[in-house]
Amino acid sequence: MTPHNRHELHTVRDLIRYGVSRLNAAKVSFGHGSDNAWDEAVYLVLHALHLPLDTLDPFLDAHVLPDEREQVLTLLDRRVRERVPAPYLTNEAWLRGRRFYVDNRVIVPRSPIAELLDDSLSPWISDPQTVEYVLDMCTGSGCLAVLSALAFPFAHVDGADISASALEVAMHNVGAYGLHDRVFLHCSDLFEKLAPREYDVIICNPPYVNAGSMDALPAEYRHEPQVALAGGDDGMDLVRRILRDAPAYMKPSGLLVLEIGHERAHFERAFPDMEPVWLDSAEASDQIMLFTREQLAP
């Protein structure tokens with residue numbers, strides 16, 4: 001559609017249809033909150049129009065004002081031309097129905113560990129109220145640290161990240177949920193600058209993308225901080241350090257929940273003698289491992 005006939009888009013329905021067509025024609029890559037053009041177009045249109053994101057039907061045939069139409073089209077144009085992930089355009093990401101502030105200082109929250117925190121890591125944690133200390137390693141935007149604090153209502157939660165700028169975003173999100181008295185952020189290269197502590201639970205979504213996959217990343221993913229994605233030749237550079245050092249920071253009954261994305265084959269080649277429990281979520285299988293302290297330090 002050329003600029004001179006965009007004025008023919010009159011309703012929310014028109015804008016969504018146009019958005020789906022634009023996104024599909026441009027062959028944009030998804031994976032930052034949606035996996036298809038319809039969901040992303042709906043999200044961008046409703047966000048631009050300041051409409052509730054979970055209430056589409058009553059507004060589908062509502063007419064939009066010319067300046068509202070331009071706001072929507074500007075957002076769609078940037079998404080297509082710049083290949084910017086939608087959450088960077090709107091400065092928000094939704095995880096398990098909760099809103100988090102994001103910008104390009106952090107990767108877009110999408111960890112399937114979040115789903116496991118819905119049930120407070122049941123059945124591996126029998127009573128969430130008895131959990132005293134939780135560590136979210138490689139916290140990024142702080143989303144998993146926040147969700148951990150909500151899952152374990154009496155826990156002290158530490159969030160650690162090597163990126164000071166990522167921790168600025170995390171601090172914003174911790175504040176947005178009123179958790180400054182329970183979630184504490186630390187600038188640290190993995191465990192290096194953390195004070196000695198024995199955690200009940202360590203969760204970690206580290207950089208794990210192998211070098212070949214990094215080279216093949218779609219443009220959208222190249223807007224994200226590469227330090228938060230790249231895991232070395234086989235993706236296991238940080239995983240090796242985490243598995244080596246984590247036991248010193250775990251209670252005797254402590255658990256480590258570690259995400260490695262689509263790198264299971266690389267993990268099994270790197271650690272042929274390890275037998276983690278693989279935790280499946282509705283959206284992911286063979287991507288999240290659970291270790292006991294005894295497994296890591298017999």
Single-linkage hydrophobic cluster [X]~[Y], side-chain heavy atoms < 4.5 angstrom:
X	Y	answer
L49	L75	yes
L76	W38	yes
V28	L44	no
V72	Y88	yes
V45	V84	yes

For [Y], does its backbone N or O pair with a side-chain atom of [X] as donor and acceptor, under 3.5 Å?
X	Y	value
Q287	P112	no
T139	A160	no
N173	C143	no
H223	E82	yes
T11	D61	no
D200	Y133	yes
E224	V108	yes
R182	A155	yes

Salt-bridge test for [X] and [Y]: reply yes if a basic N is under 4.0 Å from a carboxylate O, no otherwise.
X	Y	answer
R6	D77	yes
R69	D14	no
E220	R79	yes
D234	R240	yes
E259	R110	no

Hey, could you give me the [atom1]/[atom2] distance between [X] and [Y], rounded to the nearest 0.5 Å?
X	Y	atom1	atom2	answer
W124	L255	CH2	CG	8.5 Å
N210	D237	CG	CG	10.5 Å
D119	S281	CG	OG	11.5 Å
F154	T130	CZ	OG1	10.5 Å
D158	L135	CG	CG	6.0 Å
L147	I113	CG	CD1	10.5 Å

| field | Verdict with reasoning, S141 to V169, per side chain to side chain contact (heavy atoms under 4.5 Å, CB included) | value | CA-CA 5 Å; S141 64; V169 177; 4.2 Å; yes

State, without any angle test, whether [X] and [Y] hold a side-chain donor-acceptor pair at a distance under 3.5 Å.
X	Y	value
S163	S165	yes
S21	R17	yes
E8	Y18	no

Would you say that [X] contacts [Y] through its side chain, given a criterion of any heavy-atom pair below 4.5 Å between the two side chains?
X	Y	result
V201	S148	no
F267	L243	yes
R99	L53	no
E192	R241	yes
L56	I16	yes
F191	M137	yes
R98	L150	yes
D245	L190	no

| message | Between Y43 and T90, is the side chain to side chain contact (heavy atoms under 4.5 Å, CB included) condition met? List the steps. | response | CA-CA 10 Å; Y43 168 67; T90 63; 2.6 Å; yes

Can you name the closest pair of heavy atoms from [X] and [Y] and give their distance?
X	Y	result
L179	A149	CD1-CB, 3.9 Å
E268	R264	OE2-NE, 2.7 Å
Y249	I202	O-CD1, 4.1 Å
L256	M250	N-CE, 3.6 Å
P207	V227	CG-O, 3.2 Å
D286	D280	N-OD1, 3.5 Å

| said: The test is side chain to side chain contact (heavy atoms under 4.5 Å, CB included); show your working for V239 and I260 and say whether it passes. | reply: CA-CA 8 Å; V239 172; I260 58 163; 4.1 Å; yes

Does [X], at its [atom1] atom, have more than 12 non-hydrogen atoms belonging to other residues, nucleotides or ligands within less than 6.0 Å?
X	atom1	value
H180	NE2	yes
D233	CG	no
E275	CD	no
E283	CD	no

| Do L121 and V131 pass the side chain to side chain contact (heavy atoms under 4.5 Å, CB included) test, and can you show the C-alpha distance, the side-chain angles, and the key distance before you say yes or no? | CA-CA 11 Å; L121 297 180; V131 172; over 6 Å; no

